[in-house]
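The structure under discussion appears below in the form of structure tokens.
Because only heavy atoms are used, hydrogens play no part in the values below, and waters and symmetry mates are left out as well, while side chains stay in.
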Amino acid sequence: GFVLHLRHQSRSRYPRRTPAPQFALEDLQRRANQTKTDDFGLIYHPPTYEHENKDLQKSIRSCMTGFHQDDHASYTKDTGMSLCFLGTGAGTPTRQRSTTATLLRLGGSSMLFDAGEGVQRQLLFTRAKPSHIERIFITHLHGDHVFGLPGFLLGLQMHIMARQKDANIVKNKRKQREMENHVIKIYGPPGLYNYIASNIILSCTKFHSLSIEVHELIGGRARRVHGNKDRGVKNPFEDTYPEYNYGLIRRKFISPENGVWTIENIEQKTRNSILNDKTRHGPRQLTIKAAELDHLPGVVTFGFVVQEEEPPRNVDPDKAKALGVLPNGRKFDLLKHGFSVQTEDGKRTVQPEEVLKPRVKRARKITITGDNRGWTPQMFEIAEKSDVLVHEATLVKEDYKRGHSTAGMAGKASGDAQAALLVLNHISSKSDRSDSLGNSNQLRLIKDAKESSNGKSEVIVAFDFMELLIPRDGFRGDNFQDESSCNKNRQSQKAGEGDLHQTRAAVMGWFETRE
């Protein structure tokens, strides 16, 4: 009788002709409009959404499917790069925020940074496709950053299996090969392989349609000591367990060079590679690096930096023709990439600087850090002059023993690294409340971070399902920041560039300084 009663209710409240996700979306919108802005509606209408910087405001939208698409102009944009915040909470999920997960979308591919519990459900509400996720980066092994990873991988495997049986996929040979050879590369601290493998084995499942490569970043300063080899007790973070060799999952290692892990590098173009390139527009090349952060003793924690390949400058066709170079073969392509060419009559060599236009686009740079109470000098080095820095702001007051940052500490790191935009993430429930006067604590977070950065960085607070579009020319142009911030930046850059090394050493005084 209980089951029949539920079925009867489902017919009256959840019509079969209305898809469940769409109905849920309409229900969320209705409740968001009926509740106070400091309660449920924080997910959709946070106080930071109406930002004082109008250029920045145009780059913020919701990544939820169908949410406010008609009344927001940013939904017509496509910049080829965006950050979708699937979870922005600290420690445990709340009504306003899920646990940490951030998606970097790059055209037809995506990267996932951390995978807190419920990440695959959060993805269901967005426009992102799970099959587009090719790389996953784990900052550290605390539960609110990894508890959703095993379930997400198994859910992705089911998604891949379903697509392999899709009639449209079967007809398309290229897509069929992609589904059959789908490989997920996961990067993170030592112990990540054992964590994934033990979860898969103990849950009586395996990877059979999805290949997993786990790349552990070894050789860092922080090290988790666990077990006792003299007594035959293994260290689960470093040792190998033959019992875990099960299914399509492999373990690899990456070692650092001068405290920096190079995960992916841009292949340098040569004259021959340009002339023999048949595609002309191949896949986007990226530089991906990692460096350590100071979180808690024994907890290996990383920050990741993703940077595009520097886009080539365009050739001025009128100048090229005047010098005797016509767009035949690959001569323009060679000039774009810095190689000289011969004129049509072969009497003269034309150098690239003679015909190239001024640069109008630049490589975009994104930095995403894990939980921390300070940066290493290497982290400052690779994150310097980022377009976007995603940094945690868990604490309301500084407390070194807790291993987290306040908004002011995040702003200080952003200013020292000269990041254009600071996105505060990993927000605690205390910061979502209002004070006794009714003022939003999030506005205070922004104020503290901006003051600590000395006006070098714009600041926003992330919220669940927020999507930040990264302009094609990045966030470092003068048209992005307001005039007062630009003036402050110019003055502080001249005054502070010389002693940037001293600033880094002051932030992380317990680390050895570089010569």
Side-chain angles (χ1 to χ4, degrees), residues 77-82 104-109 111 132 134-135 172-175 177-178 181 183 185 257-258 260 262-289 305-366 381-382 384-387 418 420 469-480 493 497:
K77 289 184 178 181
D78 180 19
T79 63
M81 179 184 284
S82 67
L104 176 59
R105 302 179 67 189
L106 302 163
S109 67
M111 303 179 190
H132 286 180
E134 300 172 349
R135 283 162 285 195
N172 191 317
K173 299 298 182 182
R174 180 182 62 82
K175 289 186 177 180
R177 286 195 300 271
E178 290 177 357
N181 303 317
V183 179
K185 296 181 179 181
E257 184 176 348
N258 298 323
V260 175
T262 300
I263 296 171
E264 190 171 315
N265 225 339
I266 295 174
E267 182 181 351
Q268 296 297 322
K269 293 185 181 294
T270 63
R271 184 181 290 270
N272 289 334
S273 67
I274 295 172
L275 294 174
N276 297 327
D277 185 8
K278 296 180 180 180
T279 60
R280 301 194 70 173
H281 299 288
R284 182 184 313 196
Q285 293 197 55
L286 301 167
T287 295
I288 306 176
K289 295 184 177 182
V305 177
V306 180
Q307 185 171 8
E308 288 181 312
E309 179 183 16
E310 197 70 49
R313 292 158 61 185
N314 292 326
V315 176
D316 189 326
D318 295 332
K319 289 183 178 180
K321 290 178 183 178
L323 294 174
V325 179
L326 299 178
N328 299 329
R330 293 296 178 89
K331 289 187 177 181
F332 273 28
D333 290 337
L334 288 169
L335 288 168
K336 286 181 178 180
H337 291 91
F339 296 97
S340 60
V341 299
Q342 293 287 323
T343 56
E344 299 301 317
D345 56 13
K347 295 180 179 180
R348 186 178 185 278
T349 300
V350 177
Q351 300 298 329
E353 57 267 18
E354 296 182 76
V355 295
L356 289 181
K357 295 180 179 180
R359 187 177 299 280
V360 294
K361 294 181 181 180
R362 54 176 300 278
R364 293 170 287 190
K365 187 174 182 180
I366 310 297
E381 180 183 339
I382 64 174
E384 192 170 359
K385 295 184 179 180
S386 296
D387 290 282
Q418 300 178 33
L469 300 175
I470 317 299
R472 293 193 181 274
D473 57 348
F475 280 129
R476 303 202 60 82
D478 284 351
N479 59 340
F480 160 66
Q493 256 185 331
E497 277 187 355

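Looking at Arg330, its side chain never comes within 3.5 Å of a backbone N or O of Asn276 through a donor-acceptor pair. For Arg271 (side chain) and Ser340 (main-chain N/O), a donor-acceptor pair under 3.5 Å exists by modelled atom type. Formation of a donor-acceptor pair under 3.5 Å by the Lys365 side chain with backbone atoms of Glu384 is found in this model.
Residues Gln307 and Arg364 have side chains not in contact (no heavy-atom distance under 4.5 Å, counting atoms from C-beta outward). Side chains of Phe332 and Val325 form a contact here, defined as non-hydrogen atoms less than 4.5 Å apart. A heavy-atom distance below 4.5 Å is found between the side chains of Leu356 and Val315. Taking 4.5 Å as the limit, every side-chain heavy atom of Glu381 sits out of range of all side-chain heavy atoms of Val305. Counting heavy atoms from C-beta outward, Leu334 and Leu275 have side chains that approach closer than 4.5 Å.
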* How far apart are the C-alpha atoms of Asn314 and Lys336, what are their side-chain angles, what is the distance that settles it, and do they pass the side-chain contact (heavy atoms from CB on, under 4.5 Å) test? -> CA-CA 6 Å; Asn314 292 326; Lys336 286 181 178 180; 4.2 Å; yes
* Apply side-chain contact (heavy atoms from CB on, under 4.5 Å) to the pair Lys185 and Ile263, showing each step before the final yes or no. => CA-CA 11 Å; Lys185 296 181 179 181; Ile263 296 171; over 6 Å; no
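Among all heavy-atom pairs drawn from Ser82 and Leu469, the shortest one is CB-CD2, 3.8 Å. Across every non-hydrogen atom of Phe475 and Ala420, the tightest pair is O-CB, 3.3 Å. Smallest separation of non-hydrogen atoms from Pro311 and Ala363: CD-N, 3.5 Å.
Under the rule for a side-chain contact (heavy atoms from CB on, under 4.5 Å), the partners of Lys269 that lie at least two apart in sequence or sit in another chain are Ser273, Ile274, Gln285, Glu309, His337. Partners of Leu286 under the side-chain contact (heavy atoms from CB on, under 4.5 Å) rule, at least two apart in sequence or in another chain, are Leu106, Met111, Arg135, Glu264, Arg284, Ile288, Val306, Glu308.
Within the model, atoms CZ of Arg362 and CG of Asp473 stand 8.5 Å from one another, a figure rounded to the nearest 0.5 Å. The distance from the CD1 atom of Ile470 to the CG atom of Asp387 is 7.5 Å, given to the nearest 0.5 Å. Atom CG in Asp333 sits 11.5 Å away from atom CZ in Phe339 (nearest 0.5 Å).
Counting non-hydrogen atoms of neighbouring residues, nucleotides and ligands closer than 6.0 angstrom, the NZ atom of Lys357 exceeds 12 such neighbours.
Every pair passing side chain to side chain donor-acceptor pair (under 3.5 Å) that includes a residue from residues 344-353 is listed here, sequence neighbours excluded: Asn328-Glu344, Lys331-Glu344, Gln342-Thr349, Thr343-Asp345, Arg348-Glu354.
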